[in-house]
Amino acid sequence: VARKKGEAATYCLNKKCFAIEMEKVTHFVSKKGFNIDGMGEKIVEQLMNAGLVADAGEIFELKKGDLEPLERFAEKSAQNLIESIEKSKKISLEKFIFALGIRHVGEETAVLISKNILEISKFKVQSSKFKVNEKFNFLNFVFNIFPKITAEDWMSIKGIGDKSAQSLVEWFRDRNNLKILRKMEKMGVIITINNLQPITSNKLKGLTFVLTGELSSFTRDEAKDIIRTQGGNISSSVSKKTDYILAGENPGLKYDKAKELDV
């Protein structure tokens, strides 16, 4: 393991580490990702140990007959999991991007991308063969267009910094990751871009907020929804581009950085 300069976390150096791959798949199926009911960490580990799942794309290739011989699975539980997987195949773009587990790209950044992607890549859409509308499967767009988007393009979205932008570029230009996307496309995963919280007001239009600490009047997710419905954006990190920080009890390092930057 090693720790990069300027970062607090320690990372495993083995790119094929089983524990890392298991965490990726567990993150992928979690509630804020594909939300596959009945597929927790223990089931993920069991499926990977059995050689049935090596990456997130192979989840959608599972059949009832693959599961029934395994411990913890009977005919009914196997059928339930297959139905959960099938149900998860239609997913909004922001949940899909979050599920991929791209470093420095959390829930807030995923929402920013979903809200702004057609704007930053407009020239690419016009020059491509795709006609984007409400019936369009955005997975085709992700597979073909995202690898062409530069770090500068990503940073043109307010709230996305250089670390997130570079991670996005690296992830979508990695051949192994593109193979996983192709598996999902082949197995019928559909990404939509019309599931975001409707904007009811432009009071906070163009403003970027960072949340930290324990809020007393509402949950963190409720606060995010309020900001988004008023036209504002949420970012996971404080930068010079941050307009406001919403701080509750016991705020963390984000609050200190905001004070340093006079946010």
Side-chain angles (χ1 to χ4, degrees), residues 1-12 20 23-24 26-28 30-33 35 92-117 119-120 149 151-172 196-197 199 201-263:
V1 297
R3 187 171 68 190
K4 287 192 175 183
K5 188 177 180 180
E7 293 191 18
T10 303
Y11 293 91
C12 178
I20 290 177
E23 286 298 322
K24 284 181 183 178
T26 303
H27 177 85
F28 184 86
S30 66
K31 190 173 182 180
K32 291 186 177 181
N35 192 23
S92 61
L93 179 60
E94 68 273 16
K95 283 183 172 288
F96 177 82
I97 291 172
F98 176 80
L100 297 178
I102 303 170
R103 198 172 177 198
H104 304 303
V105 179
E107 186 184 1
E108 291 84 5
T109 302
V111 171
L112 287 174
I113 291 169
S114 188
K115 287 173 70 175
N116 296 283
I117 187 62
E119 291 301 315
I120 72 161
I149 299 176
E152 289 73 23
D153 288 331
W154 289 120
M155 284 192 289
S156 71
I157 297 176
K158 190 177 181 184
I160 295 183
D162 56 345
K163 286 184 179 179
S164 300
Q166 195 56 47
S167 287
L168 286 159
V169 169
E170 290 172 4
W171 200 96
F172 286 107
L196 288 173
Q197 193 88 13
I199 295 175
S201 162
N202 286 320
K203 285 181 181 178
L204 306 179
K205 185 177 180 181
L207 299 177
T208 298
F209 292 76
V210 172
L211 284 68
T212 183
E214 301 163 13
L215 305 178
S216 57
S217 302
F218 27 62
T219 67
R220 189 85 64 90
D221 285 340
E222 286 170 344
K224 289 176 184 177
D225 285 342
I226 292 168
I227 291 167
R228 287 172 185 144
T229 57
Q230 303 295 311
N233 296 317
I234 310 290
S235 178
S236 59
S237 59
V238 177
S239 71
K240 292 179 181 178
K241 294 181 179 180
T242 306
D243 294 296
Y244 291 96
I245 183 162
L246 181 60
E249 293 292 323
N250 304 312
L253 295 174
K254 293 177 184 178
Y255 182 70
D256 296 333
K257 187 171 182 182
K259 287 198 293 184
E260 282 178 26
L261 295 175
D262 198 26
V263 172

Without placing hydrogens or testing angles, list every side-chain donor-acceptor pair under 3.5 Å for residues 204-221, not counting sequence neighbours.
| residue | atom | partner | partner atom | Å |
| --- | --- | --- | --- | --- |
| Thr212 | OG1 | Gly252 | N | 3.2 |
| Thr219 | OG1 | Glu222 | N | 3.1 |
| Arg220 | NH2 | Gly213 | O | 3.0 |

To the nearest 0.5 Å, how far apart are [atom1] in [X] and [atom2] in [Y]?
X	Y	atom1	atom2	result
Leu168	Met155	CG	CE	11.0 Å
Phe96	Phe28	CZ	CZ	6.5 Å
Asn233	Thr242	CG	OG1	11.0 Å
Leu246	Tyr244	CG	OH	12.0 Å
Tyr11	Arg3	OH	CZ	11.5 Å
Thr26	Glu23	OG1	CD	5.5 Å

Determine all donor-acceptor pairs shorter than 3.5 Å in which one atom belongs to a side chain in residues 254-263; sequence neighbours excluded.
| residue | atom | partner | partner atom | Å |
| --- | --- | --- | --- | --- |
| Lys254 | NZ | Ser236 | O | 2.9 |
| Lys257 | NZ | Val238 | O | 3.2 |

Notebook entry, point to check: Applying salt bridge (charged side-chain N to carboxylate O under 4.0 Å, His left out), which residue pairs with at least one partner in residues 242-251 are found, sequence neighbours left out?
Noted result: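 As it turns out, the salt bridge (charged side-chain N to carboxylate O under 4.0 Å, His left out) pairs with a partner in residues 242-251, which skip direct neighbours, are Lys158-Asp243.
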
Next item on the list: Indicate whether the side chain of Glu108 and that of Ser235 have a donor and an acceptor atom separated by less than 3.5 Å.
Entry: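 Not at all, the side chains of Glu108 and Ser235 share no donor-acceptor pair under 3.5 Å.
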
Next item on the list: State, with a plain yes or no, whether a side-chain heavy atom of Ile149 is found less than 4.5 Å away from one of Trp154.
Entry: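 Ile149 reaches Trp154 side chain to side chain.
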
If I compare all heavy atoms of [X] with all of [Y], which pair ends up nearest, and what's the gap?
X	Y	value
Ile113	Ile157	CA-CD1, 4.2 Å
Val169	Ala151	CG2-N, 3.4 Å
Ala110	Glu94	CB-O, 3.2 Å

Check: Under the 3.5 angstrom rule, does the side chain of Ser30 hit a backbone N or O of His27 as a donor-acceptor pair?
Finding: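 Yes, Ser30 side chain to His27 backbone: donor-acceptor pair under 3.5 Å.
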
Margin query: Testing Val105, Ile97, Ile102 one by one against Trp171 for a side-chain contact (heavy atoms from CB on, under 4.5 Å), which residue passes?
Written below: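 It is Ile102, the one option of Val105, Ile97, Ile102 that forms the side-chain contact (heavy atoms from CB on, under 4.5 Å) with Trp171.
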
Margin query: Applying side-chain hydrogen bond (donor to acceptor under 3.5 Å, both in side chains), can you list everything that pairs with Lys32, at least two apart in sequence or on another chain?
Written below: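 Checked Lys32 against side-chain hydrogen bond (donor to acceptor under 3.5 Å, both in side chains); matches are Glu107.
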
Counting only pairs under 3.5 Å, give me each side-chain donor-acceptor contact of residues 160-167, with atom names and distances, residues two or more places apart or in other chains.
| residue | atom | partner | partner atom | Å |
| --- | --- | --- | --- | --- |
| Ser164 | OG | His104 | O | 2.7 |
| Ser167 | OG | Arg103 | O | 2.9 |
| Ser167 | OG | Lys163 | O | 3.2 |

Next item on the list: Identify, with sequence neighbours excluded, every residue that meets side chain to side chain contact (heavy atoms under 4.5 Å, CB included) alongside Ser156.
Entry: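 With sequence neighbours excluded, Ser156 shows a side chain to side chain contact (heavy atoms under 4.5 Å, CB included) to Ile120, given in chain and number order.
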
